[in-house]
Amino acid sequence: MEHTSANPTGPLHVGRARNPIIGDTIARILKKAGYDVSTEYYADDMGKQAAILTWAVETLKDIREPENTKEDHRLVGYYQAANRHMEEDERVKEEIEDLLYRCEHGDAGALQKIKDTCQRSLQGILETMERLNIGYDRITWESDFVLNGDVSAVVDMLKSSRYAVEEDGAYYLNLEEFAGEFKIHGRSARVFFQRNDGTSLYPTRDMAYHLDKINRCDIALNILGEDHKLQSKQVVIGLSIILNERARAEKNGWCFEKGCIEPIFYSFVTLPEGKMSTRSGRVVFIDDLLDEAKIRALDEVRKRRTDISEGEMDDIAELVGTGAVRYNIIRVQADKKMVFRWEDALNFEGGSAPFVQYSHARAKSILRKAGYASLDSEVDYKHLSSLLKDEAEIALIKELNRFPDVIRDCTNGRKAHPLASYAQSVASAFNQFYRYVPVLRGNGEERAARLVLVDATAIVLAGILDTLGIVAPERM
RNA sequence: GGGCUCGUGGCUUAGUCAGGAUAUAGCACUGGCCUUCUAAGCCAGUGGUCAGGGGUUCGAAUCCCCUCGGGCCCGCCA
């Protein structure tokens with residue numbers, strides 16, 4: 001599962017938040033379904049953006065770095081300034097192009113410089129991800145494929161194919177032959193893979209990377225913005241040419257003998273006033289959203305708890321705030337556009353993570369008060385379950401039973417949002433049960449039976465939340 | 001110009017792939033419920049020609065065709 005893969009040139013904004021959250025959640029779902037999943041971040045340290053940032057860090061000395069912040073926020077000012085310099089001065093552009101040229105031709109010093117800068121920025125991004133409970137099994141650097149010769153091998157194979165066309169010293173593939181099955185026509189069917197100065201282009205390096213990926217797994221999942229739809233097809237066709245094997249279309253993607261490539265696309269997140277843009281300042285950074293969510297959550301905790309320490313309130317606020325952010329993003333079907341609104345992102349009521357977390361905390365609270373430990377082999381559960389006859393009990397049991405079906409549905413369709421809906425259904429069913437069926441005041445076997453149901457609910461809610469990458473609190 | 005995608009109450013959204021009975025929730029709004037296991041909760045109510053039109057079908061939000069509207073892509077950027 002490849003996800004996030006944002007250029008490490010600055011902090012991630014909310015417009016990019018869908019990628020890691022969808023990727024991480026689907027990875028968790030697939031693990032739940034029994035797949036062996038490995039996640040990775042494909043970091044671009046070869047492209048123009050990376051070169052621009054590196055040039056700026058080396059050259060510009062008058063940038064005021066913000067203090068008390070993460071590396072990604074410290075560096076973004078350089079990136080913004082470099083873009084302005086580039087527009088005003090042709091020589092800047094040339095210097096950056098020269099840096100790229102040296103990288104592409106294996107200049108170890110130049111490559112190392114860019115990688116160092118990107119690594120600093122990536123460090124900040126990874127910290128944000130960690131806060132969202134998102135980690136990576138592997139970071140794959142784009143430059144590795146230049147250094148190990150994979151990119152030039154891809155270029156050679158493409159050049160020697162009958163699809164290659166030369167134009168003013170540059171090369172592109174004519175993909176018209178694939179037009180029918182891939183629905184690419186006209187200009188879309190021309191994809192350049194080498195510049196006239198001999199350097200490679202992004203699709204070329206992406207082909208090398210995908211070749212590497214399908215040698216390492218059976219299914220290569222890839223979370224991409226909808227702007228990458230055409231590019232994704234071009235990579236698959238490129239691989240068809242290189243492997244001399246037509247990719248066959250399957251439900252979730254394309255397959256070769258070696259393995260499948262399955263892109264998962266999502267639409268962009270915009271602000272009510274339009275598209276986010278770091279340069280214009282019309283942007284909400286994920287870090288700021290998480291901070292604000294925590295502040296809001298802390299207010300709510302203070303309103304209702306006076307019996308716990310500041311430290312515990314802070315912990316609860318953090319897990320409620322980050323949970324709310326993850327839930328708000330994962331609840332919407334990936335291919336529907338999203339408009340970011342603070343009021344939705346910070347909603348802690350119905351249709352939110354805190355609603356589900358609260359139900360879990362309530363269940364745990366009952367179990368604590370009852371001194372309930374865990375399942376006991378001495379107990380006749382079949383008999384106990386026959387005592388659960390109340391409408392609310394039956395409805396809750398039926399709801400809990402759906403968990404495997406929901407995981408299966410999400411797995412088959414490579415989607416995560418049904419799990420968010422399911423979380424609401426379970427929490428809602430439990431809240432109704434909670435309101436109408438007394439557990440602790442029940443007598444004898446009835447009480448025992450209800451405690452088991454509460455325990456089952458807590459287990460399912462914790463399972464759902466864990467799969468959503470959200471913490472299930474013992475108390476709130 | 002070509003291709004992809006979305007369009008469900010005031011707002012957000014499920015259901016669309018595998019067509020079935022009064023279309024799912026949430027937010028907002030109105031009115032109730034804390035001497036009961038945490039009210040981040042529960043109950044009741046208002047609100048929808050499922051973008052529009054045509055077709056297939058005993059039956060369409062769902063399948064097919066057309067139209068309209070939003071988004072995205074078609075670069076020797078990534």
Side-chain angles (χ1 to χ4, degrees), chain A residues 5-7 9 44 46-52 100 142 167-172 179 182-203 205-206 225-234 251-252 265 267-268 270 275 297 300-301 303-305 307 316 320 324 328 331-333 335-339 341 343-344 347-359 361-370 392 409 412-413 415 417-418 420-422 424-425 427-428 430-442 447 450-451 454 475-476:
Chain A
S5 302
N7 286 333
T9 49
D44 178 8
M46 277 301 296
K48 208 157 258 180
Q49 264 90 326
I52 291 170
L100 272 180
E142 195 173 352
E167 188 179 275
D168 303 327
Y171 287 85
Y172 67 86
F182 287 92
K183 293 190 175 164
I184 55 172
H185 307 275
R187 284 172 300 204
S188 303
R190 276 165 53 129
V191 43
F192 277 86
F193 62 92
Q194 188 175 50
R195 295 193 183 92
N196 67 3
D197 67 357
T199 56
S200 68
L201 286 142
Y202 175 77
R205 300 191 292 271
D206 211 14
E226 61 178 344
D227 55 334
H228 282 66
K229 279 189 178 178
L230 172 62
Q231 202 265 319
S232 181
K233 282 184 192 172
Q234 292 171 336
K251 187 176 170 234
N252 294 311
F265 299 103
S267 295
F268 296 124
T270 56
K275 204 173 169 178
E300 297 296 321
V301 181
K303 266 190 227 165
R304 51 201 106 214
R305 301 301 295 266
D307 55 328
I316 292 170
V320 165
N328 180 249
R331 56 184 248 276
V332 181
Q333 197 181 316
D335 52 11
K336 296 214 183 188
K337 67 181 193 308
M338 267 191 94
V339 178
R341 290 191 178 82
E343 59 197 281
D344 293 337
N347 167 35
F348 294 164
E349 296 176 1
S352 75
F355 176 91
V356 182
Q357 292 171 312
Y358 181 63
S359 302
R362 277 178 143 184
K364 283 298 197 179
S365 174
I366 291 176
L367 296 174
R368 257 196 318 274
K369 287 197 170 150
D409 180 45
N412 292 339
K415 57 192 176 184
H417 70 278
S421 306
Y422 178 58
Q424 289 303 306
S425 304
S428 179
F430 177 72
N431 284 335
Q432 286 163 50
F433 162 83
Y434 184 96
R435 165 69 181 78
Y436 292 108
V437 183
V439 177
L440 298 178
R441 285 187 302 141
R447 176 184 147 114
R450 286 174 183 165
L451 277 171
V454 171
R475 47 193 110 220
M476 270 173 79

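Keep in mind it's a predicted model, so treat the numbers as computed, not measured. In what follows, chains carry the letters A, B, and so on, assigned in the order in which the sequence lines appear, proteins first and then strands, with residues in each chain numbered from 1.
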Heavy atoms under 4.0 Å, any strand shown: does [X] hit a base, just sugar-phosphate, or nothing?
X        : answer
A:Tyr434 : base
A:Glu167 : base
A:Phe268 : sugar-phosphate
A:Arg205 : sugar-phosphate
A:Phe355 : sugar-phosphate
A:Ala361 : base
A:Val356 : nothing
A:Gln424 : nothing
A:Val320 : base
A:Asn7   : sugar-phosphate

Check: A:Gln231/A:Asp206 side-chain N/O donor and acceptor closer than 3.5 Å: yes
Set of salt bridge (charged side-chain N to carboxylate O under 4.0 Å, His left out) partners for A:Arg450, sequence neighbours left out: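 With neighbours one apart ignored, the set is A:Glu393, A:Glu446.
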Backbone of A:Phe268 reached by a side-chain donor or acceptor of A:Lys275 within 3.5 Å: no
Sidechain-backbone polar pair: A:Gln234 side chain, A:Ser188 backbone, donor-acceptor under 3.5 Å: yes
Pairwise C1' distance, B:G48 and B:A25 [rounded to whole Å]: 14 Å
Nearest-angstrom distance, C1' atom, B:G7 to B:C50: 10 Å
Assigned glycosidic conformation for B:C34 [threshold 90° from 0]: syn
Set of residues satisfying side chain to side chain donor-acceptor pair (under 3.5 Å) with respect to A:Gln194, sequence neighbours excluded: A:Lys159
By side chain to side chain donor-acceptor pair (under 3.5 Å) - contacts of A:Arg447 (at least two apart):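 Result, side chain to side chain donor-acceptor pair (under 3.5 Å) vs A:Arg447: none returned.
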Ranges pairing with ranges for RNA chain B, where each run has three or more Watson-Crick or G-U pairs under 3.5 Å: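 Stem list for RNA chain B: B:1-7 with B:68-74, B:10-12 with B:25-27, B:29-33 with B:41-45, B:51-55 with B:63-67.
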Pair A:Glu300 + A:Lys303, salt bridge at N-O below 4.0 Å: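 Counted as a salt bridge, because a side-chain N and a carboxylate O are separated by less than 4.0 Å.
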B:U36 OP1/OP2 closer than 4.0 Å to side-chain N/O of A:Arg435: no
Under-4.0 Å side-chain N/O to phosphate OP1/OP2 contact, A:Asn431 with B:C42: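 Checking B:C42 against A:Asn431, a side-chain N or O does come within under 4.0 Å of OP1 or OP2.
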Aromatic plane relationship, A:Tyr202 with A:His228 - under 30° parallel, 30 to 60° tilted, over 60° perpendicular: perpendicular
Between protein and nucleotides 2-13 of chain B, what N or O pairs are separated by less than 3.5 Å?
| residue | atom | partner | partner atom | Å |
| --- | --- | --- | --- | --- |
| B:G3 | O2' | A:Lys183 | O | 3.4 |
| B:C4 | OP1 | A:Lys183 | NZ | 3.4 |
| B:C4 | O2' | A:Lys229 | NZ | 3.3 |
| B:G7 | OP1 | A:Lys336 | NZ | 2.6 |
| B:U12 | O2' | A:Arg331 | NH2 | 2.6 |

Side chain to side chain contact (heavy atoms under 4.5 Å, CB included) involving A:Glu349 - partner list, sequence neighbours excluded: A:Asn347
